[in-house]
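Report on the following structure.
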Amino acid sequence: MKRLLSIELQKIWMNKASRVLTLTYFILLSFIAMIASIKFDIGFFKIHLAEMGIFNFPFIWHFNTYIAAILKLFLAIVIVSMMANEYSYGTLKQNLIDGLSKKEFILSKFLTVLLFSFCSTIFVFIMSLILGFVFSSYTELSIVFSEMEYLVAFFVKLVGFFSFCLFLGILVKRSAFALGFLLVWNIIEGIVKGILVFKIFPDNKIADYITQFFPLESMSNLIVEPFSRLSVIKTIGSQIGVDSIKDYSVHFLSIFIVLSWSIIFMLFSYKLLKNRDL
């Protein structure tokens, strides 16, 4: 496995675009810390984001994983390009000639997906820990290390999303078309969800139950938006008569669904490659 992973990392590092995108991704992740310096001071209207509690333990785990997940598209481009370059440069065929099996080839790609997801999770963990101890009002260890399930959800979300991107890269062979297909799929899921909610099942619970099994929707459900958890938002909501009853928990079913899709995408990727004439 170490050999397979080293081959893939060498390919990524030798490709300038992939190298730049990967570094850009981790640099942008570190910019989450810049949120602490954002201040709005307009007359009587004053907001200092760090003082709103966004970096308080344990809320910081929810907030940072949600924000970091938005940036995953940078690594998604690397994953898709990684597969597209195999066809463009003929390295896939050369690897197979050199004795690498198609199973090992897919395994090497999946190991890269796992590595990217793991490194991203560790990076967010360390960054959140530092920001939390600097800005949080609560630093008791029992509070600091509570709600760590958001890190697990973040890891699973990246694995699922990158597995989907890898599958699209193998299916379409061209990075631009694969990313375009990803966008189209997202739109299709949105349209189907809209039809289910507004036309077929006016009761949102039934529609939500069905759509939670959609690939991208299931990944989105892993980490719900955290902003309405903030006390200032709750105060505003109560003043205007809107009380939030949203469930912010990370559910085992959501994790199971995304992991299932990850396995399906890997199996489909192998099946496509196995039956394809290279």
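Fair warning: this is a prediction, and the values are worked out from it, not measured in the lab.
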Do Gln94 and Asp98 have side-chain atoms, one donor and one acceptor, less than 3.5 Å apart?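 Judged by distance alone, the side chains do pair up.
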With a cut-off of 6.0 Å (strictly less than), are more than 12 heavy atoms of other residues, nucleotides or ligands near CZ of Phe213?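 Buried by this count: over 12 neighbours within 6.0 Å.
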Just grab all the salt bridge (Lys or Arg N to Asp or Glu O under 4.0 Å) pairs involving [range], residues at least two apart or on different chains.
range	answer
residues 216-226	Lys193-Glu217, Glu225-Lys246
residues 108-122	Glu8-Lys109, Glu86-Lys109
residues 126-150	Glu147-Arg229

How far does CD1 of Ile106 sit from OG of Ser269, to the nearest 0.5 angstrom?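 So the gap between those two atoms works out to 5.0 Å.
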Hey, what do you get for OG (Ser163) to CG (Leu168), rounding to the nearest 0.5 Å?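 CG of Leu168 is found 11.0 Å from OG of Ser163.
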For Phe125 and Trp61, I'd like to know if the aromatic rings sit close, meaning centre-to-centre distance below 6.0 Å.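 Judged by ring-centre distance (under 6.0 Å), Phe125 and Trp61 do meet the cut-off.
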For residues Tyr66 and Tyr150, establish whether the separation of their ring centroids is below 6.0 Å.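 Ring-ring flag for Tyr66/Tyr150: false, centres at least 6.0 Å apart.
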Quick one: list whatever passes salt bridge (charged side-chain N to carboxylate O under 4.0 Å, His left out) with Lys103, sequence neighbours left out.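 Salt bridge (charged side-chain N to carboxylate O under 4.0 Å, His left out) list for Lys103, sorted by chain: empty.
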Answer yes if [X] and [Y] sit in the same cluster of Ile, Leu, Val, Met, Phe, Trp and Tyr residues linked by side chain heavy atoms under 4.5 Å apart, and no otherwise.
X	Y	result
Leu75	Ile126	yes
Leu111	Leu267	no
Ile255	Met148	yes

Which ILVMFWY residues can you reach from Phe214 by hopping between side chains whose heavy atoms are under 4.5 Å apart?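 The other cluster members (ILVMFWY side chains, heavy atoms under 4.5 Å, direct or chained) are Leu183, Val184, Ile187, Ile188, Ile191, Val192, Ile195, Leu196, Ile200, Phe201, Ile206, Ile210.
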Residues two or more places apart in sequence or in another chain: which of them pass side chain to side chain donor-acceptor pair (under 3.5 Å) with Ser128?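 In terms of side chain to side chain donor-acceptor pair (under 3.5 Å), with neighbours along the sequence ignored, Ser128 is linked to Asn64.
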